[in-house]
*Asks:* 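My structure is below; once you've seen it, I'll send some questions.
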Amino acid sequence: MKITDILRSEKPGLSFEVFPPKTSALFDEVWEATKQIARLHPSYMSVTYGAGGSTAQYTAEIASGLKEEGVTPLAHLTCVGATKERIRELLRDLRARGIENILALRGDIPAGYDRETLAFHYASELMEEIRAFGGFCIGGACYPENHPESVNSTADIESLRIKVEAGCEFLTTQMFFDNNILYNFMYRLYRAGIDVPVIAGVMPVTSKSQIRRICSISGNTLPQPFLRLVDRYGDNPAAMKQAGIAFATEQIIDLYANGIQALHVYSMKHPDVA
Ligand code: FAD
């Protein structure tokens, strides 16, 4: 089923994200966790794509397996460093596996990479390629606190308008920890006339080390109530996990109460968190 049809029919919707393994030795462990999350009957599940295509095969295999488990898969696909022929080859494989939904991303450009040599400079170019290939429901990423490379929020929103024109049918947000940031972002989208469905991404932070990583990657703002939780429970792993789940749950309740219809939980490979 296409994600856009799910978003129309299931309100409110709840989906989860899993990471494919980096090596075949870890495949069984990740697949077992994925199956356990699938048994919660989410609206759909997304499977990420390792930087530079390192997990392409596992992303496709887990996405196909989800179909067999009765859950609609959303396969992530990044284009940075890939040739157009490589992307078409991956699209043929996804089509052959009956996967209908792709989250089309640029991916992070590795340091020192010569941008001039890239076949794809932005996710919107990948979206055009997928649209020309045909048959897929295409989603994209968006950033309530702006993408780190964006000079300002006007430029950031403009890039989303370009994505939608290139075929993007829904957007999934980067995680955020203050719902007001999401509400302001939704207003900016509305003012720009961007009316594709937006799926709000929530990350239950369950350990202190995760927080440092998240901030270094995405530059998220961490609100005071969240920081107080970390101060109080950060050094007690079991308590931090419960506190992180409780914080995310409150966030989710507030989002639903304020009319956000679709939520995506960055549960990684943790069925208990999901
Ligand atoms: P783009 O949309 O291309 O944007 C990148 C930057 O370029 C932004 O600053 C944007 O404003 C600007 N821009 C875009 N188009 C134009 C244009 N036409 N002209 C000028 N500027 C433009 N990474 C992975 O490696 N694997 C994953 O599975 C993965 N999943 C993700 C899922 C979500 C929901 C999110 C939010 C991110 C995910 N990422 C993943 C991270 C993502 O690859 C990085 O954030 C990457 O740096 C940008 O990808 P993008 O698709 O948003 O790029």
*Asks:* Within the 4.5 Å heavy-atom criterion, are Met45 and Thr34 side-chain neighbours or not?
*Replies:*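 Result yes, sub-4.5 Å side-chain heavy-atom pair found.
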
*Asks:* Of all heavy-atom pairs between Gly167 and Ile138, which one has the smallest distance, and what is that distance?
*Replies:*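 Between these two residues, the closest heavy atoms are O-CB, 3.6 Å.
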
*Asks:* Does any part of the side chain of Arg86, heavy atoms only, come nearer than 4.5 Å to the side chain of Leu90, both counted from C-beta?
*Replies:*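 Yes, at least one pair of side-chain atoms sits under 4.5 Å.
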
*Asks:* State, yes or no, whether a side-chain contact exists between Ser9 and Met1 at a heavy-atom distance under 4.5 Å.
*Replies:*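 Answer yes - side chains close enough.
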
*Asks:* Has Lys35 got a side-chain atom pairing as donor or acceptor with Glu69's backbone, closer than 3.5 angstrom?
*Replies:*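 No; zero donor-acceptor contacts below 3.5 Å.
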
*Asks:* Using a strict 4.0 Å threshold on nitrogen-to-oxygen distance, state whether Asp5 and Lys2 make a salt bridge.
*Replies:*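 Between Lys2 and Asp5 there is no salt bridge, as every charged N stays at least 4.0 Å from the carboxylate O atoms.
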
*Asks:* For a quick test of reading the model, state the closest non-hydrogen atom pair linking Ala33 to Pro271 and the distance between them.
*Replies:*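 Scanning both residues completely, I find the closest heavy atoms to be O-CG, 3.7 Å.
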
*Asks:* Main chain of Asn146, side chain of Asp156: is a donor-acceptor contact present, judged purely on distance under 3.5 Å?
*Replies:*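 It does not hold such a pair.
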
*Asks:* In terms of hydrophobic clustering (I, L, V, M, F, W, Y; side-chain heavy atoms under 4.5 Å; direct or indirect links), are Met203 and Leu222 co-clustered?
*Replies:*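 The answer is yes; both residues are in one hydrophobic cluster.
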
*Asks:* Verify, without hydrogens or angle tests, whether Ser267 (side chain) and Ala274 (backbone) share a donor-acceptor contact under 3.5 angstrom.
*Replies:*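 Pair absent, no side-chain N/O of Ser267 close to backbone of Ala274.
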
*Asks:* Between the side chain of Glu32 and the main-chain N/O of Asp28, is any donor-acceptor distance below 3.5 Å?
*Replies:*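 Such a contact is absent between Glu32 side chain and Asp28 backbone.
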
*Asks:* Short question: side chain of Tyr49, backbone of Ala75 - any donor-acceptor pair under 3.5 Å?
*Replies:*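 No: the side chain of Tyr49 does not pair with the backbone of Ala75.
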
*Asks:* For the atom pair CG (Asn220) and OH (Tyr143), what is the distance rounded to the nearest 0.5 Å?
*Replies:*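 The OH atom of Tyr143 is 11.5 Å from CG of Asn220, to the nearest 0.5 Å.
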
*Asks:* Is Thr173 reaching over with its side chain to a backbone N or O of Gly201, donor-acceptor style, under 3.5 angstrom?
*Replies:*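 Confirmed, Thr173 side chain pairs with Gly201 backbone.
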
*Asks:* Hey, are Arg131 and Glu128 close enough for a salt bridge, meaning a charged N less than 4.0 Å from a carboxylate O?
*Replies:*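 Answer for the salt bridge query: no.
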
*Asks:* Got Val18 and Ser46 here, is their nearest side-chain heavy-atom distance under 4.5 Å?
*Replies:*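 With C-beta onward as the side chain, the pair stays apart.
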
*Asks:* Quick check: do Tyr233 and Lys208 have side-chain heavy atoms less than 4.5 Å from each other?
*Replies:*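 No - every pair of side-chain heavy atoms lies 4.5 Å or more apart.
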
*Asks:* Give me the atom names and distance for the closest heavy-atom approach of Asn101 to Phe136.
*Replies:*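 Of all heavy-atom pairs spanning Asn101 and Phe136, the closest is N-CD2, 4.4 Å.
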
*Asks:* What's the separation between atom CG in Leu189 and atom SG in Cys142, rounded to the nearest 0.5 Å?
*Replies:*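 Those atoms lie 6.5 Å apart.
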
*Asks:* Check ring pair (Phe, Tyr, Trp, His ring centres under 6.0 Å) between Phe247 and all other residues, then give those that pass, not counting sequence neighbours.
*Replies:*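 Ring pair (Phe, Tyr, Trp, His ring centres under 6.0 Å) list for Phe247, sorted by chain: Phe226.
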
*Asks:* Examine Ile87 and Val80 and state if one hydrophobic cluster contains both, with Ile, Leu, Val, Met, Phe, Trp and Tyr joined whenever side-chain heavy atoms are less than 4.5 Å apart.
*Replies:*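 Ile87 and Val80: separate clusters.
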
*Asks:* Under 6.0 Å from the six-membered ring centre of Phe120 and within 45° of its axis: does the NZ or CZ of Lys84 meet both?
*Replies:*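 Positive - Lys84 is close enough to the ring of Phe120 and near enough to its axis.
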
*Asks:* In the single-linkage hydrophobic clustering (I, L, V, M, F, W, Y; side-chain heavy atoms under 4.5 Å), do Ile37 and Trp31 co-cluster?
*Replies:*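 Yes, it is one cluster - the side chains of Ile37 and Trp31 are joined through contacts under 4.5 Å.
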
*Asks:* Using side-chain heavy atoms (C-beta onward) and a distance below 4.5 Å, is Val198 in contact with Thr172?
*Replies:*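 Contact flag for Val198/Thr172 side chains = no.
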
*Asks:* Output all residues satisfying salt bridge (Lys or Arg N to Asp or Glu O under 4.0 Å) with Asp272, sequence neighbours left out; order by chain, then residue number.
*Replies:*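 Scan of Asp272 (salt bridge (Lys or Arg N to Asp or Glu O under 4.0 Å), adjacent residues dropped) gives Lys241.
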
*Asks:* Are any of the side-chain nitrogens in Glu129 or Arg88 under 4.0 Å away from the carboxylate oxygens of its partner?
*Replies:*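 A salt bridge is present here (some side-chain N lies under 4.0 Å from a carboxylate O).
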
*Asks:* Is there a donor-acceptor pair under 3.5 Å between the side chain of Arg97 and the backbone N or O of Gly65?
*Replies:*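 Answer holds: no.
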
*Asks:* Can you tell me if Gln210 and Thr206 form a side-chain donor-acceptor pair at under 3.5 Å?
*Replies:*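 Yes - a donor-acceptor pair under 3.5 Å links their side chains.
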
*Asks:* Under a single-linkage definition using a 4.5 Å side-chain heavy-atom cutoff for Ile, Leu, Val, Met, Phe, Trp and Tyr, are Val164 and Ile157 assigned to the same hydrophobic cluster?
*Replies:*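 Yes, because Val164 and Ile157 connect within a single hydrophobic cluster, where side-chain heavy atoms sit under 4.5 Å apart.
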
*Asks:* In terms of hydrophobic clustering (I, L, V, M, F, W, Y; side-chain heavy atoms under 4.5 Å; direct or indirect links), are Val71 and Val30 co-clustered?
*Replies:*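 In one cluster: yes.
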
*Asks:* Mind listing the closest non-hydrogen atom pair of Val196 and Glu169 along with its distance?
*Replies:*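 Taking every non-hydrogen atom into account, CB-O, 3.5 Å.
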
*Asks:* If I take atom CD1 from residue Ile99 and atom OG from residue Ser64, how far apart are they, to the nearest 0.5 angstrom?
*Replies:*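 Going from the CD1 atom of Ile99 to the OG atom of Ser64 covers 4.0 Å.
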
*Asks:* Would you give the length of the straight line joining atom OG1 of Thr78 to atom CD1 of Ile109, rounded to the nearest 0.5 angstrom?
*Replies:*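 Those atoms lie 11.0 Å apart.
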
*Asks:* Taking all atoms of both residues into account, what is the closest heavy-atom pair of His76 and Thr59, and its distance?
*Replies:*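 Reported closest heavy-atom pair: O-CG2, 3.9 Å.
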
*Asks:* Can you find a pair of side-chain heavy atoms, one from Ile102 and one from Leu94, that are under 4.5 Å apart?
*Replies:*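 Answer yes - side chains close enough.
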
*Asks:* Quick check for you: to the nearest 0.5 Å, what is the distance between Leu160 atom CG and Ser153 atom OG?
*Replies:*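 These two atoms lie 10.5 Å from each other.
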
*Asks:* Could you tell me whether the side chain of Thr249 and the main chain of Ile245 form a donor-acceptor pair under 3.5 Å?
*Replies:*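 It does hold such a pair.
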
*Asks:* Hey, is the main chain of Ser124 close enough, under 3.5 Å, to the side chain of Arg106 for a donor-acceptor pair?
*Replies:*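 Pair absent, no side-chain N/O of Arg106 close to backbone of Ser124.
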
*Asks:* With a 3.5 Å cut-off and sequence neighbours excluded, list the donor-acceptor pairs that the side chains of residues 250-262 form with protein atoms.
*Replies:*
residue : atom : partner : partner atom : Å
Gln251  : NE2  : Phe176  : O            : 2.8
Gln251  : NE2  : Asn179  : OD1          : 3.1
Asp254  : OD1  : Asn258  : ND2          : 3.3
Asp254  : OD2  : Asn179  : ND2          : 2.8
Asp254  : OD2  : Tyr183  : OH           : 2.7
Tyr256  : OH   : Gly13   : O            : 3.0
Asn258  : ND2  : Tyr183  : OH           : 3.3
Asn258  : ND2  : Asp254  : O            : 2.9

*Asks:* With ring-ring contact (aromatic ring centres under 6.0 Å, His included) as the test, pick out the partner of His264 among Tyr44, Phe170, Phe16.
*Replies:*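 Among the candidates, only Tyr44 passes.
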
*Asks:* Do NZ/NE/NH1/NH2 and the carboxylate oxygens of Glu85 and Arg92 come within less than 4.0 Å?
*Replies:*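 Yes, charged N to carboxylate O under 4.0 Å.
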
*Asks:* Side chains of Thr72 and Leu66: does their closest heavy-atom pair fall under 4.5 Å?
*Replies:*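 The answer is no; the side chains never approach within 4.5 Å.
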
*Asks:* Which atom pair, heavy atoms only, marks the closest approach of Ile62 to Pro20?
*Replies:*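 Looking at all heavy atoms of both residues, the closest pair is CD1-CA, 4.0 Å.
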
*Asks:* Do we see a donor-acceptor contact under 3.5 Å between the side chains of Thr221 and Glu145?
*Replies:*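 The criterion, which ignores hydrogens and geometry beyond distance, is satisfied for Glu145 and Thr221.
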
*Asks:* Assess whether atom CZ of Arg39 is packed by more than 12 heavy atoms of other residues, nucleotides or ligands within 6.0 Å.
*Replies:*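 Above 12, so yes.
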
*Asks:* How long is the gap from CG on Leu91 to CG on Leu126, to the nearest 0.5 Å?
*Replies:*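 Separation between the atoms: 7.5 Å.
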
